[in-house]
Amino acid sequence: MARVIVDVMLKPEILDAQGQAIARALPRLGFSGVSSVRQGKRFEVEIEGPADEAALAEVRKMAETLLANTVIEDFTVTVAG
Amino acid sequence: MARVIVDVMLKPEILDAQGQAIARALPRLGFSGVSSVRQGKRFEVEIEGPADEAALAEVRKMAETLLANTVIEDFTVTVAG
Amino acid sequence: MSAARVGVVTFPGTLDDQDAARAVRHAGGEAVPLWHADPDLKGVDAVFLPGGFSYGDYLRCGAISRFAPLMEELIPAARAGLPVLGTCNGFQILCEAHLLPGALMRNASLHYICRDQGVVVENTATPWTADFTEGQRIVLPIKHGEGRYVADEATLAALEANGQVVFRYVGNPNGSLNDIAGIRNEAGNIVGLMPHPEHAVEDLTGAPSTDGRGFFTSILKKLVNA
Amino acid sequence: MNLDTVKRAADTPGERQPYAELGMKRDEYDRVREILGRRPTSSELAIYSVMWSEHCSYKSSKVHLRQFGTKAPKSDALLVGMGENAGVVDVGDGWAATFKIESHNHPSYVEPHQGAATGVGGIVRDIMSMGARPIAVMDSLRFGGADQPDTRRVLPGVVEGISHYGNCLGLPNIGGEVVFDPCYIGNPLVNALCVGLLRKDQIKLATAPGPGNKVVLFGALTGPDGIGGASVLASATFEDESQAKRPSVQVGDPFMEKLLIECCLELYQADVVVGIQDLGAAGVSCATTELAAKGTGGMDVQLDLVPLRDPSLRPEEILMSESQERMMAVVTPDDIDAFMAICTKWDIPATVIGEVTDTGRLVMTWHGETIVDIPPGTAADEGPVYERPFAEPAGQAALNAASAAELPRPEDLRATLLQLFGSPNLASKEWVTSQYDRYVRGNTVLAQPADAGVLRISEAMPGAEETTRGIALATDGNGRYARLDPYAGAQLALSEAYRNVAVTGATPLAVTNCLNFGSPEDPEVMWQFAEAVRGLADACKILGVPVTGGNVSFYNQTGSTAIHPTPVVGVLGVIDDVAKRVRSGFTGEGDRVVLLGETREELSGSEWAHVAHGHLGGLPPVADLEAERALALVLTEAASRGLLTGSHDLSDGGLAVALAEACLARGVGCAVSLPGDDAFVDLFSESAARALVTVRPEAFDALAELCAAHEVPCYGLGGTGGGTLAVEGVLEIPVAELREVHEGALPAVFG
Ligand SMILES: Nc1ncnc2c1ncn2[C@@H]1O[C@H](COP(=O)(O)OP(=O)(O)O)[C@@H](O)[C@H]1O
Ligand SMILES: [Mg+2]
């Protein structure tokens, strides 16, 4: 049993309307000093075996075909510490 | 300038419909060996100053009041490596 | 006697404010537009938080609206007993503002759903539901992507024990716990629900019933008699 | 950084320019040089290449589309015709409606959700730019076979995109189509329609008159959206490595668009807008050249003032960016403060980027240096026009010879009806439509599953004056018919939409259309296009409904295989008293069921031939436009006299499917007998100009008289009631069973 984290973020050149709306709201809520907010997704994937290279490759494939939309999103795969 | 990451995940006792739908879809797409998937949010917050304790405390407050709904969600705050 | 004044709040991205105001007028009340950025309740007798996608539903539905200047006035007034009704996004805002317990999450189907929905009125001890009878079955439109009501077990048990469940679905459309379609606070003055009574007040337009009228006749009677 | 200024262009006439990479032909490029008397700067090349693209200039279709004008019927209703952002029609009592349909096919294949969403966003801005409040949307969709794997990728994304964007704007979705055919597998069609309402005397136009007036860009910031081509240009000219990969997809922000709608309406209310234009394809290039060309003739723009989401954008990229949710307005200096205050109220970034001039030149500077200096009309209006060759497809005659009359007929008509009724094209579209808000704004009188969407007018605008009127809208198209005969196919698309409007009791007034075809460089496709346009223009003339606008989408093909030619037609109608609209299907027990119109043996191209035999051949049903017109007159008059208790048009699947759908409307069955002597033909033929209506028994004679007066055949088939669809001596099916096959089909495929 191991936990693999897949972080999915919009590509930098893609409009992040949601992140922008949050960033615009912050000063009104009394938070200053934030220059930008980007919002993405985080997936915690529990795999049955160990998080070896083969398993990570499998998760990467999963991220590429299902968890992320690679037309507009980038992803990173890491093993939970 | 520093980047602080806020990860927001549903509390374990709350049904994660999105995560479950993904976990259910995986075998159909030829992925085996995944016992569960949970879906949460990842925020990348760019702050103007350094990520010192005061700044992190501020981000934590932001997470608690805005980025997460603590009725249903937990969050963690980390400095991007 | 002047008509009872019901405030209808518009946030950026609110959609059903015009419908809500129309429903108030149809029932004989005066609809008073309230703007999110004005911290002024204009002396209204009750407040309607209509549906929509305030702030685009970004972050979480209702999460950003909750901090509007108007809400800073509304939250204490509601706690002090001002009748408040939130439908759909309005319900989500009330939960985010902690005026009502629990939260509304993505529908179990993961799809937005628009349909005519059977609902049972479970509690008539609120200023918004007095004209219904307990156990009455009504039909109202629902239209939402995030209407699955959740709360922890203790909260749910308390809601049930105190009669705070005001509406239950007939045939759960979204996976809400205990089939909950709407709830009230303990005092009963604040009610939130996912279905849309303001879309069900006229024979001509869309909805298959005029069951929504009961909400508006209830509140207006209450205000006129107050 | 090196900047390609006008001065530099004059000094370096021999510099190689990537016009071909930008899709320009050599002769087009030479023409630009001739217009300018020098080589264009890279920014000018950016402008001409997008403005002269097929998409913006209609260079292949223009010579054909002219027929919509030359053959247009006389219409008192037409206030603004083709050529503006959208047509405007007088709907009475001081009100006007503006509507238009547009395609977003290719983007929806690449990224279904965003492609479809931005398709809705774009058409809504067109409607806003006419000065109207958008009041509803519709969507006409075509996908590959329902069982093809890629359809399972594309359809849910497209539906979600339309759903999310439209719902977020608070625009009810009042109708559309979902059609499956393997020919669309690599080329789904996503056509979105928007309708808006405005006071007749408040029409806004895309024009920039009045030297000294300010040019304001407002809405979303400009980012590197959809500018694959521009980065070719920027990097080819400057070998600038930083111009890495630019996304070819645009991403929408429906929340910003909702704010823009409310902001624009407040600007119109305050009367602080002289001219306005939405930014769609070709963004700033298109808005500046078109506004300038239609105004006093000149404009000075400081391009470096355009507020950016990505500060690294080059001027060429700014000119070509297709960032969504942006508008451009022309405002007098006196009104500019009021204009800005309204934008601030709605949290809309707004920036003065230039000024109207009377120089006849569009001049743009970048930090003080002149990078564009052109006569704007040459980019906006004087693009190339092609008379492309066309030729009837090689196999057309053989295709037309292979009639469905030769196909084996079924023995078991009950099984055939159930098979058709559960097939993807005829099955309930609720899986799709339940994701669309049809109630918002509280003015929806009819929406799915009605034949046309109907909206009341009186409360569409806050504070509006009373009127009893309503508008009705329907879209239709049939690619199989058009494949068999594009001339008739286009007419049949119009006929069906026209009939769908009429069955609600509304009088059809005006037409919009979206012409989805393969490559115009293929003479066989061009023939299909020419025939379809000719057919549509001829039919509009006979039916008395002018084309007010529309959109052409070419290059819908995979490799050399084009989609079926697919003209999609939208018809707008008006009903004087919206309370008299006729509901769809059987609305109660004990009514007479009446068939209006003549049934011929017309099975080629039908759903039956498609579903039962996978067959496409022969000639489509006759497009009998005189009969169509007579039928509409009967329907609208009967409705206004209150004779009808329900109605439904006959189209795909013929009488059998119409009866079955009518039963499902409220779960009321019927017992009918067939008028002809071939039950199969009676039930499944797809003859046009037919409708099913119900009347109270005592009203039957009045209806029959009305039909006789208009020479519309009228057959009493039987009565409503009971829990089954019973066709005497032929079949009997419980309504519950019909419902199960009808409503179960799409969920079985899409979950
Ligand atoms: N993509 C869509 N968007 C909105 N409404 C749709 C869509 N597809 C179908 N509908 C609606 O669903 C109903 C049934 O569609 P359809 O089966 O094509 O009707 P008909 O059989 O009368 O031609 C109609 O009201 C139509 O407007
Ligand atoms: Mg149809």
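The shown structure was predicted, so the numbers you read here are calculated from the model rather than taken from an experiment. Proteins get letters first, then strands, A, B, ... in listed order; numbering begins at 1 in each.
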Inset, instruction - Pick one of side chain, backbone, both or neither for C:Thr14, based on which atoms fall under 4.5 Å of a heavy atom in chain D. - result: backbone
Inset, instruction - Please look at D:Leu171 and chain C and tell me whether the side chain, the backbone, both or neither of the residue comes under 4.5 angstrom of a heavy atom of that chain. - result: neither
Legend entry - Which atoms of C:Tyr55 approach chain D - backbone, side chain, both or neither, heavy atom under 4.5 Å: both
Return a table of donor-acceptor pairs under 3.5 angstrom between the side chains of residues 39-51 of chain C and protein atoms on other chains or two or more places apart.
residue : atom : partner : partner atom : Å
C:Asp40 : OD1  : C:Lys42 : N            : 2.7
C:Lys42 : NZ   : C:Pro33 : O            : 3.3
C:Asp45 : OD2  : C:Arg5  : N            : 2.8

Inset, instruction - Measure distances from D:Asp347 to the heavy atoms of chain C and classify the residue's part below 4.5 Å as side chain, backbone, both or neither. - result: neither
Inset, instruction - Report the option among D:Ser434, D:Ala579, D:Pro156 that has the most heavy-atom pairs separated by less than 4.5 Å from atoms of chain C. - result: D:Ser434
Inset, instruction - Identify which part of D:Val454 has an atom lying under 4.5 Å from any heavy atom of chain C, answering side chain, backbone, both or neither. - result: neither
Legend entry - Gap separating the CZ atom of C:Arg60 from the CD1 atom of C:Ile93, nearest 0.5 angstrom: 12.5 Å
Inset, instruction - May I ask you to say whether C:Lys143 pairs ionically with C:Asp16, meaning some side-chain N is under 4.0 Å from a carboxylate O? - result: yes
Inset, instruction - State whether D:Lys345 and D:Glu262 are salt-bridged, where the test is any N-O pair (Lys NZ or Arg NE/NH1/NH2 against Asp/Glu carboxylate O) under 4.0 Å. - result: no
Inset, instruction - Please work out whether the ring planes of D:Trp431 and C:His111 are parallel, tilted or perpendicular, with thresholds of 30° and 60°. - result: perpendicular
Legend entry - chain C interface, residue from D:Val159, D:Asn167, D:Val440, D:Leu259 that has the most non-hydrogen pairs under 4.5 Å: D:Asn167
Legend entry - D:Trp95 six-ring centre to D:Arg199 NZ/CZ under 6.0 Å and within 45° of normal: yes
Legend entry - Leading residue by heavy atom contact count with chain D [cutoff under 4.5 Å; candidates C:Gly56, C:Ala21, C:Ala200, C:Ser109]: C:Gly56
Inset, instruction - Give, as side chain, backbone, both or neither, the part of D:Ser163 having an atom under 4.5 angstrom from any heavy atom of chain C. - result: side chain
Legend entry - C:Glu146: partners by side chain to side chain donor-acceptor pair (under 3.5 Å), with sequence neighbours left out: none
